[in-house]
Amino acid sequence: PKVMIPTLYDYWLNDVEVIKKKTIYKVYPSNPYETVINSRPAISFYNDNNPDWLNIMIFYHVLGHIDFFQNNLLFSNTWKDDFVGTALADKRLIANLRDEHGRWLDYVLEFSRSIDNLCGYFDKLMQNTYNEKFTETTEVDFYFGTFLQEIIKAPEHVVFNEIQRYNKLYEKDPAVCDNLFFAEIKNKHPEFTSLYKKHEIPEKDESTDVMQFIHNNSPKLQREENRWMKSVMSVVRSTALYFEPQMRTKIINEGWASYWHDELFRGDDRISGHQIAYAKLNAGVTSISRVGLNPYAIGLRLIQHIEESANEGKLEYNFQKLTDSQERENYNLKTGKGREAIFDLRKNFSDFTLVNTFTSQDFVDKHNLFVVGKHLDKQRNVYQYYIKSKKAADYKKMLIDTLYHPPRIIVNLEKTKNDTLYLEHKFEGKELHKPYIGETLLGIEFLWGEKVQLQTTEIHVKKRATQTTKAVYEPKTVLYTMKDRKIKKEYLSV
């Protein structure tokens, strides 16, 4: 991300990449189409070698990105802050600390970056998105979450009616909403006030945010001489939180921007005389890759598919239950709800929900999509590619397997004692990348200052395949222990 964000903090590994890319660019110059930063206001970079018509087309593409940044719920963590200004302050802080602490700053920086995908993104998102109204008081949370459901055990319809009543009052006048709402509650339930005062607000569960837990509880970082390290961890974590939604919306974000640059630029008079050049460029950007994945192409076509389906009423249940292929093909209610559907999509969907919901057999057949397999031709010493499957389920799985999905690692609070940090990997069918385990635990031990343990699951061959039988695999629970920069591995159970 730092290549075209000049205010991002410096770190040695990325500086090597920047220097390498500058050298390559001198030998093989090429136009970076666009970079857009979700700041206040949004900033977009353009190449001054681009012709005017291309920059206009890029401008429309960038508008699509900005619209997505500003309206998609996954980006709600980034709506309130000016990232460029914050990043500049962070960059100056890192530079000052580097002058003061030398290479130790870079150790802390790199060790923090090695776990910056364990930053509790969804917990932060839920807190910002859904509790925004209730930051000034916890009475509302207590009433709806505890009092109604746990103390008086109100039926569901009563809870829903109360929520609607509160929302109507809030829409009329947020300033007096709580006073009016709770005046009636306290008349009806005199015990509410005393119960609320006795109610203890539960502490935030830090176990799902490994970075924040280490930051707040590390014996080493609590010592006065090491407190500067906490500032470095905070910079890395806040930067990681900023980029988390972009990694989860690559397909839908690029598809949205591609949809709008095509929609807007083709209707612009300034395309006149450049139609062929634009068509060639646009085809190169949005063409479907038969091997691999082009997020522009899949995102664009899924959005177009959803718009067409909504216009024809094919997102409704009555269509979904049809099994006759001829009836499905001729089905068209002409609802005209396509635009409404894709704007709702832009607000509420991520790459996973987009792909998982709408990669249907109709979509796969329409665009002649398939999963490609390959095998080695030993005689010619080349790989041969072949069509492995045209089923929507297989194509969907292939797309989902390419998506960003960090491992779910939590702090086991019961086993984290005597200054030992105990991490637990919630196995989801995919092992941790073993070559990274040792060095990552080494970095965590540096930040924690004491012994670190990691419990994970690994798949082992129980019985090897033969000519007549398949291989049999079994999961084993493994415990890695890092102490004094030495790692130990032991098996706990099968």
Side-chain angles (χ1 to χ4, degrees), residues 1-8 17-72 75 78-79 82-85 87-88 242-243 245-247 249-289 292-305 307 338-339 342-343 345-346:
K2 179 173 180 276
V3 176
M4 295 185 76
I5 303 179
T7 60
L8 200 65
E17 290 296 315
V18 171
I19 292 169
K20 184 173 74 173
K21 288 179 180 178
K22 283 182 178 178
T23 304
I24 293 172
Y25 187 84
K26 288 179 181 178
V27 181
Y28 302 104
S30 59
N31 288 351
Y33 291 137
E34 47 82 19
T35 292
V36 57
I37 304 173
N38 183 23
S39 56
R40 298 293 179 276
I43 297 172
S44 178
F45 294 96
Y46 297 79
N47 193 313
D48 59 5
N49 294 325
N50 290 339
D52 289 343
W53 70 265
L54 178 55
N55 276 337
I56 294 167
M57 172 267 202
I58 294 171
F59 176 70
Y60 285 136
H61 188 89
V62 165
L63 280 179
H65 280 311
I66 295 172
D67 177 70
F68 191 88
F69 290 148
Q70 294 293 312
N71 291 285
N72 184 270
F75 286 83
T78 68
W79 288 345
D82 179 4
F83 176 71
V84 173
L88 181 59
Y242 179 86
F243 285 109
Q246 302 194 41
M247 291 185 281
T249 56
K250 179 70 173 176
I251 293 174
I252 188 172
N253 196 343
E254 293 296 359
W256 186 254
S258 299
Y259 175 94
W260 284 108
H261 86 231
D262 192 50
E263 188 80 8
L264 296 172
F265 189 50
R266 283 191 295 107
D268 192 313
D269 291 340
R270 287 167 289 192
I271 196 176
S272 180
H274 305 290
Q275 290 92 335
I276 295 175
Y278 167 71
K280 183 178 179 181
L281 174 71
N282 191 56
V285 172
T286 62
S287 60
I288 293 176
S289 299
L293 169 65
N294 179 356
Y296 296 80
I298 297 300
L300 170 64
R301 282 163 179 79
L302 276 170
I303 290 171
Q304 290 172 335
H305 174 70
E307 183 179 30
R339 276 289 161 86
I342 64 172
F343 275 106
L345 186 85
R346 173 262 269 145

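Values below: all heavy atoms of this structure, side chains included; hydrogens, waters and symmetry mates excluded. Throughout, numbering of the chain's residues begins at 1 and tracks the sequence. A quick note: this is a predicted structure, and the numbers were derived from the prediction, not measured.
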Show your reasoning for whether side chain to side chain contact (heavy atoms under 4.5 Å, CB included) applies to N71 and F343.
-> CA-CA 9 Å; N71 291 285; F343 275 106; over 6 Å; no
How close do [X] and [Y] get, counting heavy atoms only, and between which atoms?
X	Y	value
I298	L293	CG1-CD1, 3.5 Å
A297	S287	CB-O, 3.4 Å
W260	Y60	O-CB, 4.5 Å
V62	S44	CG2-OG, 3.3 Å
A277	W53	CB-CZ2, 3.6 Å

To the nearest 0.5 Å, what is the distance between [atom1] ([X]) and [atom2] ([Y])?
X	Y	atom1	atom2	value
I303	I252	CD1	CD1	5.5 Å
H65	Q70	NE2	CD	13.5 Å
I288	N294	CD1	CG	8.5 Å
E254	T286	CD	OG1	11.5 Å
L8	F243	CG	CZ	5.5 Å
L302	I342	CG	CD1	12.5 Å

Sidechain-backbone polar pair: Q275 side chain, G273 backbone, donor-acceptor under 3.5 Å |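 Yes, Q275 side chain to G273 backbone: donor-acceptor pair under 3.5 Å.
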Any donor-acceptor pair under 3.5 Å from Y242 side chain to N38 backbone |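 Pair found, side chain donor or acceptor close to backbone of N38.
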Run the numbers on H261 and Y278 for side chain to side chain contact (heavy atoms under 4.5 Å, CB included), then give the verdict.
-> CA-CA 11 Å; H261 86 231; Y278 167 71; 3.4 Å; yes
Using side-chain contact (heavy atoms from CB on, under 4.5 Å) as the criterion, point out the one residue from L54, N55, T35 that pairs with Y46.
->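 Of the listed residues L54, N55, T35, the side-chain contact (heavy atoms from CB on, under 4.5 Å) partner of Y46 is N55.
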Among F68, F75, F69, find the one that has a side-chain contact (heavy atoms from CB on, under 4.5 Å) with P245.
->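 With P245 as partner, side-chain contact (heavy atoms from CB on, under 4.5 Å) holds for just one option, F75.
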Test log, rule side chain to side chain contact (heavy atoms under 4.5 Å, CB included), inputs M57 and L281 = CA-CA 10 Å; M57 172 267 202; L281 174 71; 3.9 Å; yes
Candidate pair L88 and V84, rule side chain to side chain contact (heavy atoms under 4.5 Å, CB included), full reasoning | CA-CA 6 Å; L88 181 59; V84 173; 5.7 Å; no
With respect to E307, which candidate in R301, R339, R346 satisfies the salt bridge (Lys or Arg N to Asp or Glu O under 4.0 Å) definition?
->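 Single pass found, and it is R339.
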Indicate whether any N or O donor in one side chain lies under 3.5 Å from an N or O acceptor in the other, for N282 and Y296.
->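 There is no such pair (donor and acceptor under 3.5 Å, judged by atom type) between the side chains of N282 and Y296.
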